[in-house]
Amino acid sequence: MAPPFAAAAVSSSSPLFSPSSSRPILRRQLPLTSISLRPRRLSLAASAAAAESAGRLLLEVRGLTASVKETGQQILKGVDLTIHEGEVHAIMGKNGSGKSTLTKVLVGHPHYEVTGGTILFKGENLIDMEPEERSLAGLFMSFQAPIEIPGVSNYDFLLMALNARREKNGLPALGPLEFYSVVSQKVEALKMEPKILDRNVNEGFSGGERKRNEILQLSVVGADLALLDEIDSGLDVDALEDVAHAVNGLLSPQNSVLMITHYQRLLDLIKPSYVHIMESGKIVKTGDSSLASHINEGGFKSIATFV
Amino acid sequence: MSPPSLCAASCSAPLRACPTSLPRSRRAAASVSASRAAAAAVSDDLVLRIAEQLEDSASSSPLLDPLRSASALSLLSTPWPTRRSNEAFRFTDISYLRSLPISLPSQTPSSAPAPPPSSDLGSSHIRFSDGLLVSATGAHAAALADLPPGQARDRAAAALAASAEFAHRDLFYDFNAVGSSDVAVVYVPEGAKMTDDPVHISFAYSGSDGASMMMSNPRVLVIAEKGAEVAIVEEHFGIGEEDDGACYWANPVVDIVVEEGARVVHSYVQRQSSAAAHTKWTTVQQNTSSKYEFVEVSTGARLNRHNLHIQQLGPETITELSTFHLTSQNKQIHDLHSRLILDHPRGYSRQLHKMIACGTGNGIFDGNIKVNRYAQQTDAGQQTKCLLLSPKAVVNVKPNLQIIADDVKCTHGAAISGDLDPNELFYFQARGVDVKTATDALLFSFGAQVINRIPFKPVEQKALAQLKELLTLSRQSN
């Protein structure tokens, strides 16, 4: 894991270090001055530092705006986000701040329309790509509410997904028998029932089974950047550990994760190098994992007041 | 052919006296007075012509005669159903049946083409070829004529006599009764359990020369005695030189009696030739605590009409119906008319009907569930899902629950969609699978959801393979 804040030089000349930011501290007398200030500086410094220290640039989002296709309601209002290989990012924020929308827009959900800005993934313009092309390019999103597909077995679904990838890479398709040894290991690693493979995709699955099933898909098809949308919701403590263990097992110096969560406990298990705070369709703050613990204690208000 | 100045009312008397002689008594009646001829409006020349043809060809059988005469009588006053005149055919255009004159298969089964080699599904086989019973082998299968005097024969006779009283009969039911030459009987004695060893009933049909439509009227009677358990697999298919275009009219009837505590597992696959007409009756009588599980897959025939009639005879019955209809060719008509009549307490039923209509295909579903006064604490559920894959495809769906009892749980739902669920499609795309592949998979799974309920692997696999093939063909033609 890159130590992103080691190189974070404190600069008093930071344009963000404006007098206005000190006001809330005075007013609320929060004992968190150091925490609330550090990320402010980091948001600029860290990205510059990361460009030097971390791996190749993976995802670069600039000024992204997006709205709901049907109603035209704007959800994303200028998101900037940069992710390098090997980094773990977490996005936190209130309900309705646009976190899930961001991940859905990134994978091309038809419900949303990009109205402005750019998304570059591995240097390619993501906006022009079909959802399946984005997936094959190495982007994976775990659904917050995974879809039921009656009549299609989990096994067949996983095999189709894997073979789509193999075809893209010029590899011969795997037969159902060859696939078994591949998938059974992954099922075991996630401590799932082997029977889950024979069941229809997500049909009648419990909340926990659905989340594990998303991670099973991730572990079968792999991804350069995994967008994990609230994989911790609906999971008990043991299940969360299994899932986190699986995600950590997938992490390498080349792979990155962007997770959305409301809770500290996931961040304790999958350690983020960056934590972003999203509000009203924008990333308003970026910091390290201490930012998350700050929110855990003081709520989003304690952060927002510094903006 | 005598002029259509006939009289149904006057015919009824001589017919009762001489029940199996419809054509002769009709000819006699033709010369009666003009005032009687006024009643001729209720009889239909085409119906009588076909009935005459059938009756002339059928040989006499003492066990079948009560049923035959009742049906012959009924045919005298049955008009040919039209969409305007008959509610049961309001959405179903059966004019295809009138497009060619009817011919009947010759009575010698040896001249009929041999049915294809059977699968190793079970140890009992019943084979029909063009409506004629070719063979019935196995512990519990026999031709009605071959049944030795005894319990099985008595029970079969009683069931056939009861069929003569069947109140919900229609034209096709009566045609079959008049025209069926022999009946295959599956008799499962008390307590016998053989659901792992299904009775495989195959119905092979071949077309005639093309100038006429060969009509066949096979009939099967299944009796599961108290506590017995039996599985039957019913397959209808065309065999012909041209493989796909054979023109014929299959008009089979299957009557099933499920006695107290008995269980019948019924799989039904209809893949007739694309020029065939298939009008089918399935009647089921369920006694106390009996269970009837039915899975249907219908993909064939230009015109397909299935009347599925289930009557509850005692409390605590379980009825599970799963049906799938696919109209993959243009102008194809698939119709399911199901009726479940509950007259006793604590019945449980689940019905799922799915259909896909492509091209200019037409799918029809009329699903009636009657929960009568004494059917308290009934738990009845019905669901229908339709997919229209082209702008010119049509489905007519009429789910209807008639509930008189006041302490029941009944649900029904109907979904008609012109598109696959975009969320499901996106889920595939998000995993790297393109829209075309995902669409194929989702269409396949739409039908597979029903087909997977067939409890016998070879039958299930064959139906799945055929579904895949038909979907591929229909996509190519679009």
Side-chain angles (χ1 to χ4, degrees), chain A residues 69-70 103-104 106-112 129-143 145-154 156-169 173 198-203 210 213-214 216-218 220-223 226-227 229, chain B residues 295 297 322-326 350 352-356 381 383-387 413 415 417 419-455 457 460-461 463-468 470-471:
Chain A
K69 206 171 255 177
E70 224 165 76
T103 61
K104 285 182 184 169
L106 288 178
V107 295
H109 196 289
H111 192 57
Y112 302 99
M129 292 161 80
E130 292 294 324
E132 65 267 25
E133 293 170 331
R134 301 182 195 204
S135 166
L136 294 176
L139 200 56
F140 179 97
M141 178 183 79
S142 78
F143 284 60
I147 309 293
E148 280 184 25
I149 306 184
V152 177
S153 82
N154 224 5
D156 291 345
F157 185 74
L158 286 165
L159 182 57
M160 282 176 81
L162 182 65
N163 278 338
R165 210 145 302 239
R166 289 177 66 91
E167 195 189 324
K168 161 105 193 295
N169 297 332
D198 298 330
R199 291 167 65 186
N200 289 333
V201 179
N202 292 324
E203 197 182 40
R210 286 178 189 223
N213 201 36
E214 293 291 295
L216 175 65
Q217 291 172 20
L218 171 61
V220 168
V221 300
L227 312 171
D229 191 356
Chain B
V295 184
V297 183
S322 312
T323 45
F324 172 63
H325 284 186
L326 169 68
R350 286 291 174 270
L352 171 67
H353 180 58
K354 299 187 102 174
M355 51 179 161
I356 298 179
Q383 209 182 16
T384 171
K385 289 185 178 179
C386 317
L387 259 183
S417 172
D419 275 309
L420 292 166
D421 185 341
N423 289 320
E424 292 180 7
L425 276 177
F426 178 68
Y427 199 55
F428 274 94
Q429 285 182 281
R431 299 299 174 250
V433 180
D434 63 85
V435 176
K436 195 192 158 293
T437 312
T439 303
D440 287 346
L442 285 172
L443 288 179
F444 179 73
S445 74
F446 185 87
Q449 208 196 353
V450 169
I451 298 175
N452 287 340
R453 296 184 183 184
I454 296 177
K457 251 315 180 277
E460 181 202 0
Q461 292 304 320
L464 287 174
Q466 212 222 351
L467 169 66
K468 193 165 254 174
L470 287 172
L471 286 173

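Remember, it's a predicted structure, so these values are computed and weren't measured experimentally. Residue numbering restarts at 1 for every chain, and letters A, B, ... go by the order of the sequence lines.
Rounded to the nearest 0.5 angstrom, A:D156 CG and B:S445 OG are separated by 10.0 Å. Summarising the geometry, atom CG belonging to B:N423 is positioned 5.5 Å from atom NE2 belonging to A:H109; distances are rounded to the nearest 0.5 Å. Here CZ of B:R431 is found 8.0 Å from CG of A:L218. Values are rounded to the nearest 0.5 Å. Atoms NZ and CG, on A:K168 and B:D434 in that order, are 13.0 Å from each other to the nearest 0.5 Å. Taking CG of A:N200 as the start and CG of B:N452 as the end, the distance is 7.5 Å to the nearest 0.5 Å.
Note: A:F143 and B:Y427 have perpendicular aromatic rings, judged against thresholds of 30 and 60 degrees for the angle between ring planes.
Counting all heavy atoms, side chain and backbone alike, A:S135 lies closest to B:G432 at OG-N, 3.0 Å.
Taking 4.5 Å as the limit, some side-chain heavy atom of B:E424 sits within range of a side-chain heavy atom of A:P150. Side chains of B:F426 and A:V107 form a contact here, defined as non-hydrogen atoms less than 4.5 Å apart.
Of all the listed residues (A:A137, A:A164, A:P110, A:P131), the one sharing the greatest number of non-hydrogen pairs under 4.5 Å with chain B is A:P131. Interface summary for chain A: among B:A430, B:P422, B:A438, the most heavy-atom pairs under 4.5 angstrom belong to B:A430.
B:F428 touches chain A through backbone and side chain together, each having a heavy atom under 4.5 Å away. Heavy atoms closer than 4.5 Å to chain B are found nowhere in A:H111, neither backbone nor side chain. For A:E130, the part lying near chain B is the side chain, with the backbone staying farther off; criterion is any non-hydrogen pair under 4.5 Å.
Exactly one of A:E133, A:E132, A:R134 qualifies for a side chain to side chain donor-acceptor pair (under 3.5 Å) with B:Q429. That residue is A:E132.
The local environment of CD in A:E203 is crowded, with over 12 non-hydrogen atoms from other residues, nucleotides or ligands closer than 6.0 Å.
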